[in-house]
Every structure is written in C-alpha cells, then in structure tokens.
Amino acid sequence: MGALRRKLTRAGLPGLLVTHLPDLRYLCGFTGSSAALAVTRRGARLFTDGRYTAQAAAETKAAKVQIVSNPPAVAAVQWLAAQPGVEMAGFDPAHTTVAGLTALKTALPYRLRRSFLAALPVAFVESLRQVKDEDELSVMREAALLGCRLFEHILNEFRPGITEIEVAAELEHQARLLGAEGMSFETIVASGPRSALPHGRATAFALPRRGFLTLDFGVILKGYCSDMTRTVFLGKPKPKERRAYAAVLEAQEAAVAAVTSGASCGEVDEAARGVLRREGLAEAFSHSTGHGVGLEIHEPPRVGSGQSARLLPGMVITIEPGIYLPGEFGIRIEDMVAVTRNGGQVLTPAPKALIEL
Ligand code: ZN
Ligand code: ZN
C-alpha cells in the first residue's frame, strides 16, 4: 500500500478505485469474486457483499471491510466522494465497461459526475505487481516446480490411441492431486500438424504415431500462476524436424541467457529472434518471446520486439519462442525465469533436449 500511495501522490490523485480482482487481491489479500477497494492517502476500505462477510474478515489486510448490498464499486465510489479532501479518484479504464462507468457516475452527487472519476494510466497497479517480493517468489517457484512434476508425470501416460483431451484431463487431474487450486489457462495439447497452431486447444483427435506434440500448461498455487511449454516428438524425427527443434532450443536458451537486471524486454526478444532469423525461421516465429506472469497468467512486462521496458530484480517472465509451419508442424519451448541481480534464474528446470517417445 505504501508504494501505491506514493504513486497516487505522484499522479496527483487523492483517491483510487480498484475493481480489477487480481489488483485488489494484491493490495489487500481478499480473494472473493465480488469486491471493490477504495484507497485514499489516509486509509483504505474494502467493499463486498454478505456472502463474503467471514472470508473478508479473515483475509483482508491493510483495509477496513464494509459489507454492502448495492454493487461494491458503486459503494466504493460513493465512499470516496464523501471523504474530506478527495475531489477526484482514479479508475481502471482497462477493466471498466462503458455501462459500469455510467453506473458509477450516476451514483455520484450531480456536481461531481463530470469531474470526479479520472482514467488511470494503463497498468497503474499492475506495474507494482511486476516486481515480486520474496514471499511471492517462493510461491511462484513452488508453482513452477509443480508444473515440472506434471510434465514428468504425463510423459509416462502416452499410449496408442490416447486423445489430446485425455492427455489434458490426465494432466489436470494430476495437477489437482498435487495441490493445484486450478489450471492457470486452458491446457494446450497440440499434436502432429496441429502443433502448428500456437494456441491449439486439446481436441478429440488421437495422438498421431509420429510428429511433434506441444504441451503448454500451468497451475495456480496460492493465487499465483505457473506457465511452461515443452514439445516432444512421437516416433523418430526426420533431420528437418531435428534441425528445427535445435533452432528453437538455441533461440530459447539465447533469450534466457539475455535475461539480466537492466536489460530491455526488446533486447531479450531480439536474442531469440536473431537466432531464428539466422536459421531462416523469422517468419515462422509469429508472436512475442514472452510475458510477465504472477497473479495473472499474462501481466506486464511484454517481452516483445522493440519493447523498451527494463527488467528489474523480482520480475518473473516467460521465455517462449516458437515456430509454426502451417500444415507441417510447430515447436515451442517455454520456461519461467525470475530476474535476479545476477541474471535470470530458470524456475522450470524440466528437460529441454528433444524427447522421443
Ligand atoms: Zn505457456
Ligand atoms: Zn506463456
């Protein structure tokens, strides 16, 4: 909260309305699904409904709790407007609908409707979330290691005739048994020519006898997401397939090696992109190298071409270059990497040498 208040002061804002639930959880610890947090320079108040009376009392830190029967964001904005010296409050334009904003304005006294709510700069609270503290890092390490255990487990589950959906089901079932609160996104299982789809959802197709198989998955542990991708080969790869895999692995390792405190996200992206360009695969690498990860699966910073944001110790990013050759195959390798004072620390130490099954 201290860092947030300093940010508010710098932005000239006496009040802040927080409605994006991951931001709210980060700031005050509450994990319920209906809430709004109002912050002023003096205090903070969490508004939620009667279903969460006990949970809010148990979880909420650094804010008073008020149970309300009207929508929490409306109650929060009315409370802010009633605070002495708060003549304006920031709201999050990235997570507020047009209808939601109208409802908030309508709830204000007439004289404040035009002037009270100000759109925050993008990623106002998210930018604080980028740098993780020791407690957050230890949870994220644990989540990442759980992902590695799932990968080891699933390698023993491939048998003739198994479908992509069954692979996903086995992985997700095991994740729960190992303590995951849930998956951090829809598990990607893409085999054979479908591996050329960067976001190939698991389908009812059986795994082919030969071809690449991409698994991209993550778990949620204590609210924090993990994210990793491994591509394995079913059967015996041809020289072209082997070469392509080696190129992606080299690109991935080059980008991991480029992760240092102070490096720009664009430089890290270029480390991977440069390798694939040299191999004639620039066109096939059709997305960014990575993204921040934390309470949400995709957070700032974006590790993409030309991004000038600099890496700081405590950030956790993914490094996930891939190539996609439509009709043929695709390959992606993804690690989670924590930025430390001494470079990048890989949080997902699952094997990356090509596994042939
Ligand atoms: Zn992923
Ligand atoms: Zn990712």
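Computed from a predicted structure; not experimentally measured. Just so you know, ligand 1 is whichever comes first in the structure, and atom 1 is the first atom listed for that ligand.
When the Zn ion (ligand 2) is compared with the N/O/S atoms of Glu320, atom OE2 turns out nearest. Considering just the N/O/S atoms of Asp216, the one nearest the Zn ion (ligand 1) carries the name OD1. Among the heteroatoms counted here (N, O or S) of Asp227, OD2 is the one nearest to the Zn ion (ligand 2). When distances from the Zn ion (ligand 2) to the N, O or S atoms of Glu334 are compared, OE2 comes out shortest.
Geometrically, Arg273 engages Phe285 in a cation-pi contact, judged by NZ or CZ lying under 6.0 Å from the ring centre and within 45° of the ring axis.
The number of heavy atoms from other shown groups lying within 6.0 Å of CD (Glu283) does not exceed 12.
With a cut-off of 2.8 Å, the Zn ion (ligand 2) has an N, O or S atom of His291 in range.
By the side-chain hydrogen bond (donor to acceptor under 3.5 Å, both in side chains) test, Glu267 pairs with no residue at all, sequence neighbours left out.
The closest side-chain heavy-atom distance from Ser34 to Pro72 is below 4.5 Å.
Remark: the backbone N or O of Phe30 is not paired with any side-chain donor or acceptor of Tyr52 at under 3.5 angstrom.
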